[in-house]
**Student:** 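The following block contains the structure, expressed as structure tokens.
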Amino acid sequence: GAVVSQHPSWVICKSGTSVKIECRSLDFQATTMFWYRQFPKQSLMLMATSNEGSKATYEQGVEKDKFLINHASLTLSTLTVTSAHPEDSSFYICSARRDSLYGYTFGSGTRLTVV
Amino acid sequence: AQSVTQPDIHITVSEGASLELRCNYSYGATPYLFWYVQSPGQGLQLLLKYFSGDTLVQGIKGFEAEFKRSQSSFNLRKPSVHWSDAAEYFCAVGASGGSYIPTFGRGTSLIVHP
């Protein structure tokens, strides 16, 4: 299969603190991973493409200093929400593609609540 | 750039009834098309995908979808809905070739009445 694990599944943090979310490909190597943000009752919006060993590519309008992405290995990408504010509260989902046969596999998501 | 329209925000059906969820896409060439399902608080699970070939695609959980180029549509169908099918359904389109990163529609919420 092609399994993507995301951790934590939910997190509550105080305003001004930073939160790290991990995305792991469990049974395959992923040179590229993707981070999405989903607002309640809305679609998934691609935030950035995480590239192993190089800088992430951010979509227009996404603050790269706010959402730090690190892809240090072929099986792990992390998203750090820095100096979190209540408006950063959202559902964050990562994704990776094993190959063309499997298509894109998604993690189970992380519910971030900033209080 | 590609885009996806899911015209129905909510669909309500009775258990055992048939289901059709609509999806229209915009893309200059033959796209890659996907349907995903999302249960509350969960990630997305791929139901089926179309890359090429037979325009009627069979997926998991008894779902199927038909690619109609003339209508730029990729509607999802199921002949008999089960209560466990209640979820959010997302249609997505990817540019053919390359990494085809999917662009998602806004989703359709399926409500199943007993």
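So you know, we letter chains A, B, ... as the sequences are listed, proteins then strands, and number each from 1.
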**Student:** Treat each ILVMFWY residue as a node, draw an edge where side-chain heavy atoms are under 4.5 Å apart, and state whether A:Phe67 and A:Phe91 are in one component.
**Tutor:** no
**Student:** For B:Gln45, is it the side chain, the backbone, both or neither that has a heavy atom under 4.5 Å from a heavy atom of chain A?
**Tutor:** neither
**Student:** Taking A:Gln38 for its side chain and A:Gln42 for its backbone only, find out whether a donor-acceptor pair lies under 3.5 Å.
**Tutor:** yes
**Student:** If the test is side chain to side chain donor-acceptor pair (under 3.5 Å), which one of A:Ser95, A:Ser50, A:Ser25 qualifies with A:Ser77?
**Tutor:** A:Ser50
**Student:** Select one option (side chain, backbone, both, neither) describing which atoms of B:Phe34 are under 4.5 Å from chain A's heavy atoms.
**Tutor:** neither
**Student:** So, does A:His71 use its side chain to make a donor-acceptor pair with the main chain of A:Ser73 at under 3.5 Å?
**Tutor:** yes
**Student:** If I measure from the heavy atoms of chain B, does A:Leu46 come under 4.5 Å with its side chain, its backbone, both, or neither?
**Tutor:** side chain
**Student:** Does any heavy atom of chain A fall under 4.5 Å from the side chain of B:Phe90, the backbone, both, or neither of them?
**Tutor:** side chain
